[in-house]
Engineer: 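Below you'll find the structure I mean.
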Amino acid sequence: MKPYITIILSTLIIAAPAQAISIKVFTNKTEWTKALNSIVSAEDFTDGSFIQGLSIKANSTKPKDMTHTYSVPGGKMVDRLTKKHSTTISYTSGLLGIGGNFDLSLNDPGMGIKLVLSGDTFSNFVIPTEINKYTTGGFFGLISDTAFSSLKLMAGTQGTPCVNGEQYSLDNLSLATVAAPVPEPETYALMGVGLIGLIAARRRKAQ
């Protein structure tokens, strides 16, 4: 009997669906901000350093390839994505939203930008909506119902066979961190009882 139970349990584990992630995409920063219940931090790329907790890494499919780099001239991050070059934006605190002003008109229309989220509970979740290759500095942001820690920018799928990359600039990067939970009234009551008990204990000890 036991072997059958083992087989059934194994089948259930294999058949378990992956975690579903719900994403909302915004092209209006005001609407993006209103939809959040989070603290928003901003990076404007003006002083040559990033806000605390933020890191941006240029990646390549070849470990020894050092040709992919981004620059930050004039208060904007400028980068080029190809089929082998991607860029990862990471933050030390859990994020529920990220957005910024993207300009993909620095060169001829390219491939657009594909976005991939990763976090503690999932990895490599592809956002269904890409940043359009004709975007000219407008806002693009997203909100996730599951906390994430990194956003990978990759060359999208909007190019033609003769196009092999996407050059873009990014400005006013906004990061919405997971909001701290607000204590329920019962929690405040328990804290009050605990505080009263602590004061009473100290008084007894002092006597």
Engineer: Apply side chain to side chain donor-acceptor pair (under 3.5 Å) to T92 and list each qualifying residue two or more places apart in sequence or on a separate chain.
Structural biologist: none
Engineer: Give the minimum heavy-atom separation between G100 and L170, together with the two atoms involved.
Structural biologist: CA-CD1, 4.0 Å
Engineer: Look at the side-chain heavy atoms of Ile, Leu, Val, Met, Phe, Trp and Tyr, link any pair under 4.5 Å apart, and say whether V126 and L81 land in one connected group.
Structural biologist: no
Engineer: Check the side chains of T87 and D79 for a donor-acceptor pair under 3.5 angstrom, ignoring hydrogens and angles.
Structural biologist: yes
Engineer: With sequence neighbours excluded, give me every ring pair (Phe, Tyr, Trp, His ring centres under 6.0 Å) pair touching residues 65-102.
Structural biologist: H68-H85
Engineer: Can you list everything that forms a side chain to side chain contact (heavy atoms under 4.5 Å, CB included) with D145? Sequence neighbours excluded, please.
Structural biologist: I21, S22
Engineer: Please determine whether residues F140 and V116 belong to a single hydrophobic cluster, defined as Ile, Leu, Val, Met, Phe, Trp and Tyr linked transitively by side-chain heavy-atom distances below 4.5 Å.
Structural biologist: no
Engineer: Determine, stepwise, if the pair L104 / Y134 fulfils side chain to side chain contact (heavy atoms under 4.5 Å, CB included).
Structural biologist: CA-CA 6 Å; L104 279 62; Y134 296 110; over 6 Å; no
Engineer: Side chains of L54 and I89, heavy atoms from C-beta outward: is any pair under 4.5 Å?
Structural biologist: yes
Engineer: When rounded to the nearest 0.5 angstrom, what is the spacing between OG in S55 and NZ in K57?
Structural biologist: 9.0 Å
Engineer: Between NZ of K24 and CD1 of I127, what distance do you get to the nearest 0.5 Å?
Structural biologist: 14.0 Å
Engineer: Can any side-chain N or O of E166 pair as donor or acceptor with the backbone N or O of I113 at less than 3.5 Å?
Structural biologist: no
Engineer: Strictly distance-based, threshold 3.5 Å: is any side-chain N or O of N101 a donor or acceptor partner for the main-chain N or O of G137?
Structural biologist: yes
Engineer: Consider only side-chain heavy atoms of I, L, V, M, F, W and Y, link residues closer than 4.5 Å, and tell whether L142 and M77 are in one cluster.
Structural biologist: yes
Engineer: At what distance, to the nearest 0.5 angstrom, does CG of L96 lie from CD1 of I143?
Structural biologist: 8.5 Å
Engineer: Check whether any side-chain N or O of S38 sits under 3.5 Å from a backbone N or O of V40 as a donor-acceptor pair, and report yes or no.
Structural biologist: no
Engineer: Taking all non-hydrogen atoms of both residues into account, name the closest pair between N132 and Q158 and its distance.
Structural biologist: CA-OE1, 3.5 Å
Engineer: Other residues, nucleotides and ligands only: do more than 12 of their heavy atoms fall within 6.0 Å of NZ on K133?
Structural biologist: yes
Engineer: Looking at side-chain heavy atoms only, is the closest gap between V178 and L95 below 4.5 Å?
Structural biologist: no
Engineer: In Å and rounded to the nearest 0.5 Å, what is the NZ to OG1 distance from K114 to T129?
Structural biologist: 13.5 Å
Engineer: With a 4.5 Å cut-off on side-chain heavy-atom distances among I, L, V, M, F, W and Y, is there a chain of contacts connecting L151 to I23?
Structural biologist: yes
Engineer: What are the two closest non-hydrogen atoms of S149 and G119, and how far apart are they?
Structural biologist: OG-CA, 3.7 Å
Engineer: N59: what forms a side chain to side chain donor-acceptor pair (under 3.5 Å) with it, not counting sequence neighbours?
Structural biologist: S86, T88
Engineer: In chain order, what residues pass the side chain to side chain contact (heavy atoms under 4.5 Å, CB included) check against V78, with sequence neighbours excluded?
Structural biologist: S71, P73, L106, Q167, S169
Engineer: Strictly by ring pair (Phe, Tyr, Trp, His ring centres under 6.0 Å), give each pair with a member in residues 148-172 just once, sequence neighbours left out.
Structural biologist: none
Engineer: If the condition is side chain to side chain donor-acceptor pair (under 3.5 Å), which residues does E43 pass it with, not counting sequence neighbours?
Structural biologist: none
Engineer: For D120, does the CG atom sit with more than 12 other heavy atoms under 6.0 Å from it, leaving out its own atoms?
Structural biologist: no
Engineer: D65 and S60: which non-hydrogen atoms are nearest, and at how many Å?
Structural biologist: OD2-OG, 2.9 Å
Engineer: State yes or no: do F45 and I51 share one hydrophobic cluster built from I, L, V, M, F, W and Y residues joined by side-chain heavy-atom distances below 4.5 Å, directly or via other members?
Structural biologist: yes
Engineer: Hey, what do you get for CE (M154) to NZ (K83), rounding to the nearest 0.5 Å?
Structural biologist: 12.0 Å
Engineer: Residues in side chain to side chain donor-acceptor pair (under 3.5 Å) with T157, at least two apart?
Structural biologist: E130
Engineer: With sequence neighbours left out, write down each residue that passes side chain to side chain contact (heavy atoms under 4.5 Å, CB included) with K29, or none if nothing qualifies.
Structural biologist: W32, T33, F139, S174
Engineer: Can T135 and D103 be said to form a side chain to side chain contact (heavy atoms under 4.5 Å, CB included), step by step?
Structural biologist: CA-CA 6 Å; T135 301; D103 187 352; over 6 Å; no
Engineer: What distance do S118 atom OG and F125 atom CZ have between them, rounded to the nearest 0.5 Å?
Structural biologist: 11.0 Å
Engineer: Could you pull out all residues at least two apart from T46 that satisfy side chain to side chain contact (heavy atoms under 4.5 Å, CB included)?
Structural biologist: D44
